[in-house]
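Notes follow the structure.
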Amino acid sequence: MTFNDIRVRIAPSPSGNLHVGTARTALFNYLFAKHNNGKFVLRIEDTDLERSDEKYVQNIFDSLKAMGLDWDEGPDVGGDYGSYKQSERLELYKNYAEKLLESGHAYYCYCTPEELEAEKALAQEEKKTYLYSKKCKKLSPEQVENFRNEGRVPTIKFEMPVKHLIFKDLIKGNVEFDTALMSDFVIVKSNGIPTYNFAVVVDDIEMKMSHIIRGEDHISNTPRQIVIYEALGAEIPQFAHLGMILAPDRTKLSKRHGATAVSEFINEGYLPEAFVNFLALLGWTSPERKDVEASTSEIMSKDELIKYFSLDRVSSSNAIFEFDKLNWMNGFYIRHLPTPELFERLKPYLQDYDLSIYSEEQIETMINAVKEPLVKLSEATDAVSYFFGNSINISGEIKEAALSAEETGDILSEFAKFSENIDYENIEKIHEQLGEFRTQMKPLKPKQVMWAIRAALTGRTHGADMGVVISLLGKKKVLLRINEAINL
RNA sequence: GGUCCCAUCGUCUAGUGGCCCAGGACGCUGGCCUCUCACGCCGGAAACAGGGGUUCGAGUCCCCUUGGGAUCACCA
């Protein structure tokens, strides 16, 4: 098999928004494909009529696109092996099921759910592994006729061949199963819809997948899928099973741990590129890079990830999803974004403000002054709030902390006078003038002086550079706020 | 419970028998910078789950124990 033949896929079921686990699997598939000059395919597995919803298909599209994981073939862009929605491939599965029926690998099963339950309960009681009795395998024509008349609609079951099965997993190594312990299983439901294990195999064969990279929750499905490949005489793809992503409490990542959908993270203000970078490092590490400092060697663009990615550097164990590193990384990306670009990304979070009162240049100055501590874009809303509106609210807490000292009144009234002559247009100059003011206020401590002015002007005990604050606010608002603070 | 997978700092991990009294990043922490928060810079604490082997030598190979995870559907 040449490198050009590499074809991988991500096959989410649209029964919810794109989950971070699925997103990470998609990423690894994407990186593997791109690194090897292969194709990355998107297939929607919507055979669960009950739970599938078109709105989730849209969410999957949007999330994948936001992450920059563009697919070469998929429901919207098409491809040589479509349709890329399972619900539109029903005829195909039917044909394959027919083949299996003819070759004797599969048979009709008329058992009712109740009968099956009873068998399982019995096995449970005897503490034996449940194996279907196969009683429907050798039904006489009369019995079939009777069941039909009763109105029973059969499922199609695949007969599990008994063998010692080994497959070589590209991440886990050899994985072995004894199929004698595995029951015959349904491949076509009574409603005519194929089950997952059957549909994936048919699709992966038809779509010529070379590698199946997925979560290790699928390991136990693998032997069932392999025997279908064999029954169909098809070439078996290479498997690679990724460890799970766990929540900090070491259980499966779920809603109760907070956000689990990629779209939620993005809406909260995580940059897609930071999120992708973080996800890539959950289970994979770059080989040592001599072109960069160790301290930033984990910061990688999509192109770098593609360049360095390989399956043999993927960890075989589970990984815990901790926010600390994601937060740091997101902040790092925010800090390093060119200002105009950052402004663009910040706009959705600044909608409540009248940005037109400032020039583009002033906005950029403002953004640069508040961006350092941002962890998420959404935090910008609060971080710039005091640059807007005339008066500000000063909470009792702030008043207590920064404006309650005896000298505060003096500092503020002196500053009110001083502010008449500030050069508001020139931030550098303001810094110098602020220095002069601090000297003027001696022996009061510089910190105390600045603390009071900051609190009066911003209602905060910390925030943007005071030169920037004063410059952007301008004389009118500075005076207004100082006077309001004096009269507090 | 059966079957399968996994096991290095709190977390993500480097490590493929000697280069490791175990390296990096995040977090934590001490200091510097400083008008605040932060950023940045310099330093620190912090791990090979336990027990047996194999070997001149084991974090690295084998076995057992323990722990964690996954899976046992007419869901995917």
Side-chain angles (χ1 to χ4, degrees), chain A residues 11-15 45-48 50-52 86 109 111-113 116-117 120 123-124 127-130 153-157 169 171-173 175-178 181-183 185-197 199-200 215-223 241 243-244 246 248 250-252 278 281-288 294-299 312-313 315-329 331-332 335 370-374 383 402 431 434-435 437-438 445-451 453-455 458 460-467:
Chain A
S13 76
S15 53
E45 306 214 329
D46 56 352
T47 52
D48 184 344
E50 307 282 301
R51 294 191 297 164
S52 293
Q86 289 188 328
C109 173
C111 290
T112 62
L116 262 14
E117 266 319 305
K120 281 179 201 172
Q124 178 89 5
K127 289 197 192 304
K128 285 199 300 200
T129 314
Y130 166 70
V153 184
T155 61
I156 298 177
K157 274 196 168 130
D169 189 285
I171 292 172
K172 306 280 187 187
V175 181
E176 313 187 18
F177 289 93
D178 180 2
L181 265 21
M182 288 183 238
S183 179
F185 57 99
V186 175
I187 55 174
V188 178
K189 304 182 228 175
S190 54
N191 64 4
I193 307 284
T195 59
Y196 165 75
N197 277 123
V200 250
E216 73 173 30
D217 48 337
H218 285 290
I219 281 193
S220 53
N221 282 322
T222 309
H241 289 95
M244 302 275 86
L246 269 24
R250 289 175 191 282
T251 62
K252 217 170 177 176
F278 173 73
L281 262 19
L282 230 46
W284 173 79
T285 36
S286 162
E288 204 182 335
S295 60
T296 54
S297 65
E298 292 191 339
I299 302 291
D312 54 16
R313 293 191 66 84
S315 157
S316 54
S317 46
N318 295 340
I320 294 174
F321 189 102
E322 288 270 17
F323 278 83
D324 283 335
K325 193 158 184 170
L326 171 61
N327 286 339
W328 165 77
M329 196 171 268
F332 186 95
R335 268 173 256 130
V370 302
K371 73 177 181 184
E372 294 294 329
L374 296 184
H431 283 142
L434 245 19
F437 184 69
R438 287 193 290 266
K445 288 198 173 111
K447 286 191 184 196
Q448 190 185 356
V449 174
M450 297 302 289
W451 192 249
I453 296 172
R454 174 179 296 282
T458 71
R460 313 281 177 93
T461 51
H462 54 254
D465 174 89
M466 282 313 296

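Residue numbering restarts at 1 for every chain, and letters A, B, ... go by the order of the sequence lines. Bear in mind that the values here come from a model prediction, so they are computed numbers and not experimental data.
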> Partner of C37(B) by Watson-Crick or G-U wobble geometry, both contacts under 3.5 Å, or none?
Replying inline: none
> Do you know which two heavy atoms are closest between Val153(A) and Ser190(A), and how far apart they sit?
Replying inline: CG1-O, 3.3 Å
> To the nearest angstrom, how far is Gln448(A) atom CD from U36(B) atom C1'?
Replying inline: 14 Å
> With respect to the side chain of Lys189(A), which nucleotide from C6(B), G24(B), C75(B) is positioned closest?
Replying inline: C75(B)
>> For the C1' atoms, the ones on G50(B) and on G67(B), what distance do you get once it is rounded to whole angstrom?
In response: 10 Å
> To the side chain of Ser317(A), which of C6(B), C35(B), G2(B) is closest?
Replying inline: C6(B)
> Do you know which two heavy atoms are closest between Pro248(A) and Glu322(A), and how far apart they sit?
Replying inline: CG-OE1, 4.1 Å
>> Does Gly243(A) reach a base, just sugar-phosphate, or nothing at all? Heavy atoms under 4.0 Å.
In response: nothing
>> For a quick test of reading the model, state the closest non-hydrogen atom pair linking Asn318(A) to Met244(A) and the distance between them.
In response: OD1-N, 2.9 Å
> Is it true that a side-chain atom of Arg313(A) and a backbone atom of Trp284(A) form a donor plus acceptor pair closer than 3.5 Å?
Replying inline: no
> Expressed in whole Å, how much space separates the P atoms belonging to G23(B) and G44(B)?
Replying inline: 11 Å
>> How many whole angstroms separate atom OH of Tyr196(A) from atom C1' of A76(B)?
In response: 7 Å
> Side-chain donor or acceptor of His241(A) under 3.5 Å from a matching atom on the base of C5(B)?
Replying inline: no
> Quick one: Phe332(A) CZ to A38(B) C1', roughly how many Å, whole number?
Replying inline: 15 Å
> Are Tyr196(A) and His218(A) side-chain neighbours, meaning at least one heavy-atom pair lies under 4.5 Å?
Replying inline: yes
>> From CZ of Arg335(A) over to P of C37(B), roughly how many Å is that when rounded to an integer?
In response: 16 Å
Tabulate atom names and distances for all N/O pairs under 3.5 angstrom spanning the protein and nucleotides 44-48 of chain B.
none

> Contact class for Glu50(A) (heavy atom, under 4.0 Å): base, sugar-phosphate, or nothing?
Replying inline: nothing
> Checking side-chain contact (heavy atoms from CB on, under 4.5 Å) for the pair His431(A)/Asp465(A): CA distance, chi angles, key distance, verdict?
Replying inline: CA-CA 9 Å; His431(A) 283 142; Asp465(A) 174 89; 2.8 Å; yes
> Can you tell me how far P in G40(B) sits from the matching atom in C4(B), rounded to whole Å?
Replying inline: 48 Å
> Contact class for Ser190(A) vs. all strands (heavy atom < 4.0 Å): base, sugar-phosphate, or nothing?
Replying inline: base
>> Please pick, from C26(B), C37(B), C35(B), the nucleotide with the shortest atom-to-atom distance to any side-chain atom of Trp328(A).
In response: C26(B)
> Does a sphere of radius 6.0 Å around CD in Glu50(A) hold more than 12 heavy atoms from other residues, nucleotides or ligands, not counting ones at 6.0 Å or beyond?
Replying inline: no
> Between G2(B), C4(B), C35(B), which nucleotide gets closest to the side-chain atoms of Val175(A)?
Replying inline: C4(B)
>> Under 4.0 Å from OP1 or OP2 of A76(B): is there any side-chain N or O of Thr47(A) that close?
In response: yes
> Of the non-hydrogen atoms in Asp46(A) and Ser52(A), which two are nearest, and what is the gap between them?
Replying inline: CA-OG, 3.5 Å
> Counting just side-chain N and O atoms, does Lys447(A) come under 4.0 Å of either OP1 or OP2 of U36(B)?
Replying inline: yes
> With a 4.0 Å cut-off on heavy atoms, is Thr155(A) in touch with a base, just the backbone sugar-phosphate, or nothing at all?
Replying inline: base
> Mind checking the C1' distance from G59(B) to G51(B)? Whole angstroms is fine.
Replying inline: 16 Å
>> Using whole Å, what does the distance between atom P of nucleotide A7(B) and atom NZ of Lys172(A) come to?
In response: 8 Å
> What distance, rounded to whole Å, do you find between the two C1' atoms, one in C6(B) and one in C42(B)?
Replying inline: 39 Å
>> Nearest whole Å is fine: how far is A76(B) P from Asn197(A) CG?
In response: 9 Å
> Using a cut-off of 4.0 Å on non-hydrogen atoms, how would the nucleic acid contact of Phe177(A) be classed: base, sugar-phosphate, or nothing?
Replying inline: sugar-phosphate
> Expressed as a whole number of Å, how far does the C1' atom of C26(B) sit from that of C21(B)?
Replying inline: 25 Å
> Under a 3.5 Å cut-off for both distances, is C28(B) Watson-Crick or wobble paired, and to whom?
Replying inline: G44(B)
> Arg454(A) side chain to Ala464(A) main-chain N or O, any donor-acceptor pair under 3.5 Å?
Replying inline: yes
> Taking only N and O in the side chain of Arg438(A), is any of them less than 4.0 Å away from OP1 or OP2 of U34(B)?
Replying inline: no
>> Base, sugar-phosphate or nothing for Asp465(A)? Non-hydrogen atoms, less than 4.0 Å.
In response: base
>> Walk me through whether Thr222(A) and Phe177(A) qualify under side-chain contact (heavy atoms from CB on, under 4.5 Å).
In response: CA-CA 10 Å; Thr222(A) 309; Phe177(A) 289 93; 5.5 Å; no
> Between the main-chain N or O of Arg51(A) and the side-chain N or O of Ser15(A), is there a donor-acceptor pair closer than 3.5 Å?
Replying inline: no
> Of the candidate nucleotides A14(B), C74(B), C12(B), which contains the atom at the shortest distance from the side chain of Leu282(A)?
Replying inline: C12(B)
> Got a second to check how far Thr129(A)'s OG1 is from Gln124(A)'s CD, nearest 0.5 Å?
Replying inline: 10.5 Å
Show me the protein contacts with nucleotides 69-73 of chain B, counting only N or O atoms at under 3.5 Å.
from, atom 1, to, atom 2, distance (Å)
G69(B), OP1, Arg250(A), O, 3.4
G69(B), O2', Asn318(A), ND2, 3.1
U71(B), OP1, Lys252(A), NZ, 3.3
U71(B), O2', Ser220(A), OG, 3.2

>> Please give the distance between the C1' atoms of G30(B) and A49(B) as a whole number of Å.
In response: 31 Å
> Between G27(B) atom C1' and Phe278(A) atom CZ, what is the distance in whole Å?
Replying inline: 12 Å
> Counting any heavy atom closer than 4.0 Å, what does Ser297(A) reach on the DNA or RNA strands: base, sugar-phosphate only, or nothing?
Replying inline: nothing
> Base, sugar-phosphate, or nothing: which does Pro223(A) touch, judged by heavy atoms less than 4.0 Å apart?
Replying inline: nothing
> When you match Gly463(A) and Leu181(A) each to their closest nucleotide on RNA chain B, which lands nearer the 5' end?
Replying inline: Leu181(A)
> For Gly283(A), which contact category applies under a 4.0 Å heavy-atom criterion: base, sugar-phosphate, or nothing?
Replying inline: sugar-phosphate
>> The side chain of Glu372(A) is closest to which nucleotide in this list: A25(B), A38(B), C4(B)?
In response: A38(B)
>> Counting C-beta onward and ignoring hydrogens, is there a side-chain heavy-atom pair between Glu216(A) and Ile171(A) closer than 4.5 Å?
In response: no
>> Output the rounded distance in Å from CZ (Phe323(A)) to C1' (G27(B)).
In response: 15 Å
>> So if I take every side-chain heavy atom of Glu298(A) and compare against G24(B), U11(B), A76(B), which nucleotide ends up nearest?
In response: G24(B)
> Under a 3.5 Å cut-off for both distances, is G67(B) Watson-Crick or wobble paired, and to whom?
Replying inline: C6(B)
> Where the side chain of Glu322(A) is defined as all heavy atoms beyond and including C-beta, which of U11(B), C75(B), A38(B) is the nearest nucleotide?
Replying inline: U11(B)
>> Measuring only the P atom in each nucleotide, how far is A73(B) from U11(B)? A whole number of Å is fine.
In response: 33 Å
>> Using ring centroids (six-membered ring only for Trp), state whether Phe323(A) and Phe278(A) fall under 6.0 Å.
In response: no
